[in-house]
Trainee: 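Have a look at this one before I ask anything.
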Protein chains: 2
Amino acid sequence: MSSPLPPLAAIRVFDAAARHASFTKAAEELGMTQAAVSYQIKLLEERIGAPLFLRRPRQVSLTEVGQQMAPAVADALNLLRDAYATARGGAQGILTVSTLLTFASNWLAQHLGSFHLAHPTLAVRLDTSNHLVDFTREEVDVAIRSGGGEWPGMAVHKLFDADFTPMLSPGLAASIGGVHEPADLLRLPILDPGDPWWREWFSRAGQPVDWLAERPGSSMGAQAYEARAAMAGQGVAIVTRALFSAEIAEGRLIQPFDIVGNDGNAYWLVYPEGRRNVAKIRVFRDWLLAEVEASLGNTGPRAA
Amino acid sequence: MSSPLPPLAAIRVFDAAARHASFTKAAEELGMTQAAVSYQIKLLEERIGAPLFLRRPRQVSLTEVGQQMAPAVADALNLLRDAYATARGGAQGILTVSTLLTFASNWLAQHLGSFHLAHPTLAVRLDTSNHLVDFTREEVDVAIRSGGGEWPGMAVHKLFDADFTPMLSPGLAASIGGVHEPADLLRLPILDPGDPWWREWFSRAGQPVDWLAERPGSSMGAQAYEARAAMAGQGVAIVTRALFSAEIAEGRLIQPFDIVGNDGNAYWLVYPEGRRNVAKIRVFRDWLLAEVEASLGNTGPRAA
DNA sequence: ATGATGAATCAATCTACCTTATGCATGATA
DNA sequence: TATCATGCATAAGGTAGATTGATTCATCAT
């Protein structure tokens with residue numbers, strides 16, 4: 001069914017030589033020596049079994065066979081050039097980000113607008129799920145992960161520590177005359193008191209913790225819902241501070257104390273080591289790090 | 001204007017891998033190892049900046065980028081395959097033979113018919129001229145030359161020695177009661193007595209030569225005309241014996257003596273060393289040598 | 001004549017590619 | 001559940017083939 005392919009390196013050389021009608025010029029274009037061009041052409045001619053060029057005094061010219069072959073070769077190579085270019089460019093058109101649900105809804109969603117402004121040609125596709133993506137088997141460019149920052153073969157950039165701290169609405173705080181010390185919180189409804197984060201935080205704050213229910217595993221994924229309840233004034237939530245800097249800035253939530261708990265995790269930008277220099281990844285990384293920096297900077301720790 | 005070409009070796013591998021959706025199968029098709037395929041794909045992916053395959057458990061599958069690229073690559077490679085195939089085949093369609101005028105008209109013309117019968121798909125184009133073709137600057141596949149058989153870089157096959165000997169028509173011979181010894185010729189008109197071949201031949205035949213006009217250079221190129229005159233009974237011609245074996249066989253000429261002159265030349269089939277194994281050249285060479293052998297064999301030296 | 005240009009050739013070098021060997025993950029099988 | 005089979009990735013190493021640099025040769029221009 002399929003005839004053999006010609007030696008492709010020689011084909012590339014032939015194309016250049018045919019276009020220039022000169023081995024020397026072709027060598028220049030290809031960044032090699034005239035000798036190498038001569039060698040490759042000879043090779044191709046031997047494979048074909050017929051000369052491709054007539055060696056005239058001051059220039060070479062195509063034989064009939066060469067004339068017949070040159071346009072087809074040019075077409076084929078142009079096809080390849082196009083396909084290659086679009087593959088490289090096409091890859092730049094869409095950036096797929098695998099993010100944690102909490103990060104997507106509480107941070108990325110609000111900030112992506114500025115990214116689009118800065119890079120209007122690059123569409124961002126969010127892939128929101130909490131499972132650990134495997135870059136080798138899913139079409140994902142970068143991921144936001146929380147954890148210790150140790151993933152072999154991955155390039156990682158820390159976005160912020162997963163510090164958690166109580167949050168509540170200004171209205172709720174006012175209802176008891178303001179929240180001035182940790183003990184004040186005990187007079188308010190605690191949202192999801194089973195979350196181990198509470199235990200950790202209250203002990204850091206020097207408060208008794210024995211009254212708290214004990215339940216393994218934090219409710220991480222549900223932070224958005226708790227925060228919503230807190231903003232509605234239904235109680236005090238304990239959430240990752242950095243994820244709600246916008247709400248604090250807007251006055252919808254207050255962080256009454258600097259005291260934070262931390263279970264050793266942080267949020268990270270992660271992508272395969274080998275793709276460090278891919279344009280769209282570089283662009284996103286630079287933007288994200290700068291944006292995170294800014295969003296942490298302009299909300300002082302105590303915004304109450 | 002022109003974007004860069006992708007690494008072509010990798011492209012060839014990609015095409016196979018995409019078609020098979022398997023690196024292992026691709027490796028088989030290409031006659032290399034799975035490791036080599038893996039290497040080339042990885043190389044291409046790095047150049048493109050995006051994965052081309054998703055590595056699923058028991059098989060690989062194309063990413064979006066890969067899916068987009070595969071058909072274009074397939075098209076391009078098919079173009080190349082076609083161009084290559086026609087270049088190889090097209091070269092086989094026509095065989096250009098540069099021949100000496102005398103050989104073309106006195107030998108080739110009569111024998112080419114059998115070549116066409118044996119190889120109906122191969123058209124022979126005769127390029128009849130007496131100048132020494134330069135294979136590097138003219139589109140010629142093989143040449144018939146006369147000379148010493150020493151041409152550097154050329155493959156040569158001797159067809160026959162350029163023995164020359166007198167020839168005349170049977171009628172003319174009969175007009176003097178038959179030609180039995182060299183001296184008998186002196187009673188007949190000698191065609192072109194200035195040809196040095198006569199001098200050489202008569203001296204070999206033990207006859208005086210001082211009566212012959214002296215002129216440098218033989219009339220080689222005019223042998224066909226002299227032979228025609230001889231056949232018409234106008235005199236005795238001295239010509240290259242082997243070129244007229246057909247006329248002897250047909251009884252239109254007779255070669256009265258075995259005695260031949262020879263100036264050291266022979267007729268040769270010549271072609272560039274490097275093209276020894278080109279199919280059409282091999283075919284022509286084999287046919288020509290066999291045909292010459294036969295044409296010399298079935299005309300005994302003395303056909304009078 | 002003389003020099004300039006462009007290709008062929010040769011020997012020496014180098015490097016990109018391939019192979020071998022191995023490891024790893026996943027499905028299939030018992 | 002343990003074992004086996006399959007398929008890809010990776011590392012190390014060797015080699016063929018490509019490339020270079022120097023030279024030659026032929027031709028054309030001055």
Side-chain angles (χ1 to χ4, degrees), chain A residues 5-14 16-47 51-63 66 132-138 152-154 272-275, chain B residues 5-14 16-18 20-47 51-63 66 132-138 151-154 272-275:
Chain A
L5 276 173
L8 296 179
I11 285 291
R12 153 190 266 147
V13 173
F14 169 73
R19 276 186 285 104
H20 293 293
S22 157
F23 290 5
T24 304
K25 299 249 183 64
E28 279 168 27
E29 173 183 319
L30 299 174
M32 52 196 211
T33 60
Q34 171 269 324
V37 171
S38 180
Y39 170 85
Q40 293 285 0
I41 297 293
K42 185 178 189 180
L43 189 88
L44 186 57
E45 287 178 327
E46 275 168 9
R47 292 287 193 92
L52 294 167
F53 290 93
L54 296 175
R55 276 68 170 181
R56 311 299 308 291
R58 308 278 291 187
Q59 88 233 351
V60 292
S61 64
L62 288 166
T63 62
L132 252 207
V133 288
D134 180 338
F135 288 92
T136 67
R137 63 182 60 175
E138 289 172 56
M154 298 288 122
E273 182 81 341
R275 306 195 60 204
Chain B
L5 274 174
L8 296 179
I11 286 290
R12 154 191 266 150
V13 172
F14 169 75
H20 293 294
S22 158
F23 291 4
T24 305
K25 300 251 182 64
E28 279 168 28
E29 174 183 318
L30 300 174
M32 53 196 209
T33 60
Q34 169 269 322
V37 171
S38 180
Y39 170 86
Q40 293 287 358
I41 297 293
K42 184 177 189 180
L43 190 88
L44 186 56
E45 287 178 328
E46 275 168 8
R47 292 286 193 91
L52 294 168
F53 289 93
L54 296 176
R55 275 68 170 181
R56 312 299 310 289
R58 310 280 290 188
Q59 88 231 351
V60 291
S61 63
L62 288 167
T63 62
L132 251 207
V133 288
D134 180 339
F135 289 92
T136 68
R137 63 182 60 172
E138 289 172 57
W151 291 281
M154 296 287 124
E273 182 82 340
R275 305 195 60 204

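Here is how names work: the chains are called A, B, and so on, in the same order as the sequence lines, proteins then strands, and each is numbered from 1. As a basis for the values below, the full set of heavy atoms in this structure was taken, side chains included, without hydrogen atoms, waters or symmetry mates.
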Trainee: Which atoms of nucleotides 7-10 of chain C (N or O only) lie under 3.5 Å from a protein N or O atom, and what are those distances?
Mentor:
unit_1 : atom_1 : unit_2  : atom_2 : d
C/dA7  : OP1    : A/Phe23 : N      : 2.9
C/dA7  : OP2    : A/Thr24 : N      : 2.9
C/dA7  : OP2    : A/Thr24 : OG1    : 2.3
C/dA8  : OP1    : A/Arg55 : NE     : 2.4
C/dA8  : OP1    : A/Arg55 : NH2    : 3.2
C/dA8  : OP2    : A/Ser38 : OG     : 2.6
C/dA8  : N7     : A/Gln34 : NE2    : 3.1
C/dA8  : N6     : A/Gln34 : OE1    : 3.3
C/dT9  : OP2    : A/Lys42 : NZ     : 3.4

Trainee: Rounded at 0.5 Å granularity, tell me how far CG in A/Leu62 sits from CZ in A/Arg19.
Mentor: 12.0 Å
Trainee: Please find the pair of heavy atoms, one from B/Arg47 and one from B/Pro7, that lie closest to each other, and give the distance.
Mentor: NH1-CD, 3.7 Å
Trainee: Could you check how far CZ of B/Phe53 sits from P of D/dG7, rounded to whole Å?
Mentor: 15 Å
Trainee: Kindly compute the distance separating OG (A/Ser38) from CG (A/Leu43), expressed to the nearest 0.5 Å.
Mentor: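 Reported to 0.5 Å precision, the distance equals 11.0 Å.
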Trainee: To the closest 0.5 Å, what do you measure between OG1 (A/Thr136) and CZ (B/Arg56)?
Mentor: 9.5 Å
Trainee: Mind checking ring pair (Phe, Tyr, Trp, His ring centres under 6.0 Å) for A/Phe53 and listing every partner two or more places apart, or none if nothing turns up?
Mentor: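 So A/Phe53 forms a ring pair (Phe, Tyr, Trp, His ring centres under 6.0 Å) with A/Phe14, A/Phe23.
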Trainee: Taking atom C1' of D/dG7 as reference, at what distance in whole Å does atom CG of B/Leu54 sit?
Mentor: 15 Å
Trainee: Would you compute the distance between atom CD1 of A/Ile11 and atom CG of B/Leu5 and round it to the nearest 0.5 angstrom?
Mentor: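 These two atoms lie 11.5 Å from each other.
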Trainee: Roughly how far apart are A/Leu30 CG and A/Gln40 CD, rounded to 0.5 Å?
Mentor: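 The distance works out to 9.5 Å.
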Trainee: Can you sort out the partners of B/Ala36 under side chain to side chain contact (heavy atoms under 4.5 Å, CB included), two or more places apart, ordered by chain and number?
Mentor: B/Met32, B/Thr33
Trainee: Grab the CD-P distance between B/Glu46 and D/dA9 for me, whole Å please.
Mentor: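 Going from B/Glu46 (CD) to D/dA9 (P), I get 12 Å.
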Trainee: State whether B/Gln40 places a side-chain N or O below 4.0 Å from either non-bridging phosphate oxygen (OP1 or OP2) of C/dA16.
Mentor: no
Trainee: Go nucleotide by nucleotide along DNA chain C from the 5' end; which of A/Arg137 and B/Leu43 gets its closest nucleotide reached first?
Mentor: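 Comparing both residues, the 5'-ward one is B/Leu43.
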Trainee: To the nearest 0.5 Å, what is the distance between CD1 (A/Ile41) and CD (A/Glu45)?
Mentor: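 If we round to the nearest 0.5 Å, A/Ile41:CD1 and A/Glu45:CD are 6.5 Å apart.
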Trainee: Provide, to the nearest angstrom, the distance between the NE2 atom belonging to A/His20 and the C1' atom belonging to C/dG6.
Mentor: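 Checked: the NE2 to C1' distance equals 15 Å.
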Trainee: I'd like to check the side chain to side chain contact (heavy atoms under 4.5 Å, CB included) partners of A/Ser22; sequence neighbours left out, ordered by chain and number.
Mentor: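 Here the qualifying residues are A/His20, A/Thr24, A/Lys25.
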Trainee: Which heavy atom of B/Arg12 sits nearest to which heavy atom of A/Pro6, and what is that distance?
Mentor: NH2-O, 3.5 Å
Trainee: Residues of residues 5-14 of chain A with any non-hydrogen atom less than 4.0 angstrom from an atom of DNA chain D: list those, numerically ordered, please.
Mentor: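 The stretch gives none, as no residue of it lies under 4.0 Å from the strand.
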Trainee: Rounded to the nearest angstrom, tell me the gap between atom CD1 in A/Ile41 and atom P in D/dA18.
Mentor: 13 Å
Trainee: Using the C1' atoms of the five pairs at each end, what is the angle between the end axes of the helix from C/dA1-D/dT30 to C/dA30-D/dT1, to 10°?
Mentor: 30°
